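Read the structure below first, then the notes.
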Amino acid sequence: MTAPADVRRGAIAVFVIFALNGVAVATWISRLPTVRDILGLDVSQVGILIAGLSVGSIFGLFAASPIVHRFGARLTIVGTLVVGSLGIGGMTIATSVLPVYAFAIGSMAVFGFAWSMCDVAMNVEGTVVERASGRTLMPWFHASWSLGSVLGAGIGAAAAFGGIVPSIHFAAIGVLLLVAALFFPRLMPAKIGSNAEGSVEGAVEPKPTFREQLGVWKEPRTLLIGVLVLGMAFAEGSANDWLTIAMVDDRGLDAGQGALLFGVFSVAMTIGRIAGVPLLDRFGRVPVLRVSVLAAALGLGAVILLPSIPVTVVAIVIWGLGAALGFPVGMSAAGDDPSRAAARVSAVATIAYCAFLVGPPIIGFVGHQIGILNALWIVFGLIVIAGLAVPAARERVARG
């Protein structure tokens, strides 16, 4: 039986990793307008640049399940921190001594590979800690990611206002990830999480074969949870990818102001995830998710339609609050049953990350013709579809 102190230490470790992942992602998002200017890109080329990250992410997701099962979530996280720092290091070079578009795309792909694999590993680790604690924790873990993105966006905005070039900014974050890779194994107790074979502590099932891992793709509930998370990942990811540029290009703000509005979205996401835990415990997943989908749709629609900046700020808050719970609750639902949790989380995450693969180029190409804000109607439609899949997230097993 896992000691309460080990569960607490495990929860702290997962909080830290989620936060670092958020900082790393917000680092390049907040500097995207400046990177665009350094490389001389148009909107469609920015979409392709982001798609480079997405392609790397898809490869990372397909590799995540067997790697987590082989080496365990903790070692996987350590490895992804190192590889992720190399990707950010590549962006350091691409925005300074070697401003080559293709090199920047490759660097984004390396970062995306590490980022998505870390995402699966930390969600697997999070579901294990959640079950060991007997409490709803996944939204709080994802709130830590949002706090990290707020910190990353704030650093990015300060760097933009202060005239600090992206290469220096990126290099500092790369070093931070390397330092974290050294200290994380000491923070995560050995008695909580996944063992060297990737099996969850206390689980009785043998290590699944590759065929069994693929079998989760035939499970209707897993696929419906994937549809839910896909739509809500679009709701979250479209802000990550395009909000700063939409505010700069379509609303006439400068780069620093655009980064601040992305920070507003991240703050709203954080609040939604922190406040969502007691709501989920009281009302259950399905009612809370239905309200979340409605809020995300209303907020995004208002951002698209209403040009007033004060109104846009309020709408961004509603959008962020609505988008806050879809991804973490979907991951928690995928990990309800300890049997093949890594495979199910990986499958749901793979479906969700299709948003990051096809979303940026589609929105970029469409936005090049009609404007980014108008292109976000695509996201609105996917949020509506996600609402139809909400019942699949209903609780299936008791925790504890």
Side-chain angles (χ1 to χ4, degrees), residues 20-64 79-119 149 152-153 155-156 159-160 163-181 237 240-242 244-245 248-249 255 258-259 262 353-365 367-368 372:
L20 283 173
N21 192 281
V23 168
V25 172
T27 294
W28 70 265
I29 291 172
S30 63
R31 303 310 303 271
L32 192 54
T34 307
V35 171
R36 182 220 13 214
D37 294 341
I38 290 173
L39 297 176
L41 308 179
D42 61 27
V43 172
S44 62
Q45 289 174 316
V46 172
I48 295 172
L49 178 65
I50 299 172
L53 177 138
S54 303
V55 171
S57 298
I58 292 297
F59 281 104
L61 286 169
F62 279 115
T80 57
L81 290 173
V82 174
V83 176
S85 70
L86 296 177
I88 292 181
M91 286 302 294
T92 299
I93 296 172
T95 54
S96 55
V97 299
L98 189 63
V100 177
Y101 182 42
F103 186 75
I105 294 173
S107 299
M108 293 287 279
V110 171
F111 176 75
F113 179 85
W115 169 46
S116 63
M117 191 178 295
C118 182
D119 193 281
S149 70
I155 294 171
I164 298 174
V165 295
S167 58
I168 295 176
H169 181 189
F170 293 160
I173 299 302
V175 171
L176 175 64
L177 295 182
L178 285 175
V179 171
N240 293 343
D241 294 334
W242 293 111
T244 54
I245 288 182
V248 171
D249 290 358
F262 168 65
Y353 273 83
C354 288
F356 301 108
L357 175 64
V358 303
I362 289 177
I363 293 175
F365 287 129
H368 188 61
I372 293 299

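These values consider heavy atoms only, across backbone and side chains, with no hydrogens, waters or symmetry-generated copies. The shown structure was predicted, so the numbers you read here are calculated from the model rather than taken from an experiment.
With values rounded to the nearest 0.5 angstrom, L176 atom CG is found 9.0 Å from L81 atom CG. From L32, atom CG reaches atom CG of D37 across 9.5 Å, with rounding to the nearest 0.5 Å.
When all heavy atoms of T80 and M117 are compared, the closest pair comes out as CG2-CB, 3.7 Å. Residue A180 comes nearest to L20 through the heavy atom pair CB-CD1, 3.3 Å, listed as atom of the first residue, atom of the second, then distance. Between A153 and A26, the shortest heavy-atom contact is N-CB, 3.6 Å. Between V82 and A181 the shortest heavy-atom distance is CG2-CB, 3.9 Å. Smallest separation of non-hydrogen atoms from R36 and V46: CG-CG2, 3.5 Å. Looking at every heavy atom in both residues, I245 comes nearest to P33 through CG1-CG, 4.3 Å.
Using a 4.5 Å heavy-atom cutoff, the side chains of D249 and I372 are not in contact. For the pair F365 and I48, the minimum side-chain heavy-atom distance is below 4.5 Å. Counting heavy atoms from C-beta on, the side chains of T27 and V23 come closer than 4.5 Å.
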TODO: Show your reasoning for whether side chain to side chain contact (heavy atoms under 4.5 Å, CB included) applies to H169 and T34.
DONE: CA-CA 12 Å; H169 181 189; T34 307; over 6 Å; no

- [ ] Evaluate side chain to side chain contact (heavy atoms under 4.5 Å, CB included) for V35 paired with M91, printing each intermediate quantity in order.
- [x] CA-CA 9 Å; V35 171; M91 286 302 294; 4.1 Å; yes

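Side-chain N or O atoms of S57 include none that pairs as donor or acceptor with a backbone N or O of S116 at under 3.5 Å.
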Quiz: residues 101-114 side-chain donor-acceptor pairs under 3.5 angstrom, not counting sequence neighbours:
residue, atom, partner, partner atom, Å
Y101, OH, Q45, O, 2.7
S107, OG, F103, O, 3.0

